[in-house]
Amino acid sequence: IDEAKLHASFHTVRSAPLVVSLAVSLYERGELDEAETLLEDSLSIIRQFSPADWIAQAYLILSRIKRLRGDNASATHLQNELDLMGRQFSVPRIAAVVGAERARCAVLDNRPEQAVKILKQFNKPGVSDEVADLQLAVSDIESLSLARIRTNIALKNFDDAQQELQKQI
């Protein structure tokens with residue numbers, strides 16, 4: 001990470017994947033200031049020139065940092081902006097990761113019933129088929145099934161959580 005920070009140019013089109021990877025690593029190491037600055041400085045390049053999964057990772061990591069700092073309005077704004085991009089470009093996996101993140105935040109805020117409502121929108125015919133096996137390889141930005149398991153545990157629906165786990169095995 002330190003080597004990448006020293007030798008990389010972060011304001012070029014080709015650097016977008018490196019920026020996201022580095023920001024994720026910094027976030028996982030707890031270096032929130034550096035991750036936040038890196039993402040904020042590079043977000044427009046990432047948004048314009050990166051694949052959807054990289055864009056989602058950048059937005060959600062930045063959203064989590066904002067939330068950790070108590071800036072829930074900015075965190076929600078980033079989630080809304082990402083959700084809008086997903087709808088504009090017809091990328092269902094973007095809506096799925098935003099939904100999973102919103103459900104995660106609801107559980108963290110002790111609002112598991114809200115998490116259930118959020119996750120139910122992905123149980124509609126056609127939608128669930130497109131995003132059922134979605135997973136992003138970033139820290140604990142997860143699949144919808146993991147979000148459902150977390151929500152069921154928060155609601156003390158252990159049988160439902162176990163059923164969801166068994167479906168994934």
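Fair warning: this is a prediction, and the values are worked out from it, not measured in the lab.
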Nearest heavy-atom pair of [X] and [Y]: which atoms, and what distance?
X: Gly99; Y: Ile118; result: O-CG2, 3.3 Å
X: Ala23; Y: Leu38; result: N-CD2, 3.9 Å
X: Ala103; Y: Ala115; result: O-CB, 3.6 Å
X: Ala75; Y: Ser63; result: O-OG, 3.2 Å
X: Asp83; Y: Arg102; result: OD2-NH1, 3.7 Å
X: Ile94; Y: Ala52; result: CD1-O, 3.5 Å

Rounded to the nearest 0.5 Å, how far does [atom2] of [Y] lie from [atom1] of [X]?
X: Ser44; Y: Phe49; atom1: OG; atom2: CZ; result: 8.5 Å
X: Ile61; Y: Lys66; atom1: CD1; atom2: NZ; result: 13.5 Å
X: Met85; Y: Ser90; atom1: CE; atom2: OG; result: 14.0 Å

Original post:
Taking only residues two or more places apart in sequence, or in another chain, which ones meet Asn72 in a side chain to side chain contact (heavy atoms under 4.5 Å, CB included)?
Top reply: Arg67
**OP:** Would you please name every residue forming a side chain to side chain contact (heavy atoms under 4.5 Å, CB included) with Leu32, sequence neighbours left out?
**Re:** Tyr27, Ile65, Leu68, Arg69
Original post:
Taking only residues two or more places apart in sequence, or in another chain, which ones meet Gln114 in a side-chain hydrogen bond (donor to acceptor under 3.5 Å, both in side chains)?
Top reply: none
**OP:** Could you walk me through whether Leu39 and Ile46 pass side chain to side chain contact (heavy atoms under 4.5 Å, CB included), step by step?
**Re:** CA-CA 9 Å; Leu39 287 171; Ile46 293 167; 4.1 Å; yes
**OP:** Please lay out, stage by stage, how His77 and Leu82 fare under the test side chain to side chain contact (heavy atoms under 4.5 Å, CB included).
**Re:** CA-CA 9 Å; His77 175 77; Leu82 180 60; over 6 Å; no
Original post:
When hydrophobic residues are tied together by side-chain contacts of less than 4.5 Å, even through go-betweens, does Ile55 share a cluster with Phe89?
Top reply: yes
**OP:** Check whether Leu78 and Val97 end up in the same hydrophobic cluster, where Ile, Leu, Val, Met, Phe, Trp and Tyr are linked by side-chain heavy atoms less than 4.5 Å apart.
**Re:** yes
**OP:** Determine, stepwise, if the pair Lys117 / Glu113 fulfils side chain to side chain contact (heavy atoms under 4.5 Å, CB included).
**Re:** CA-CA 6 Å; Lys117 288 179 186 177; Glu113 294 82 9; 5.6 Å; no
Original post:
Are any non-hydrogen side-chain atoms of Arg47 and Glu81 less than 4.5 angstrom apart?
Top reply: yes
Original post:
Can you check side chain to side chain contact (heavy atoms under 4.5 Å, CB included) on Cys105 and Gln79, steps first, answer last?
Top reply: CA-CA 11 Å; Cys105 291; Gln79 291 172 9; 3.9 Å; yes
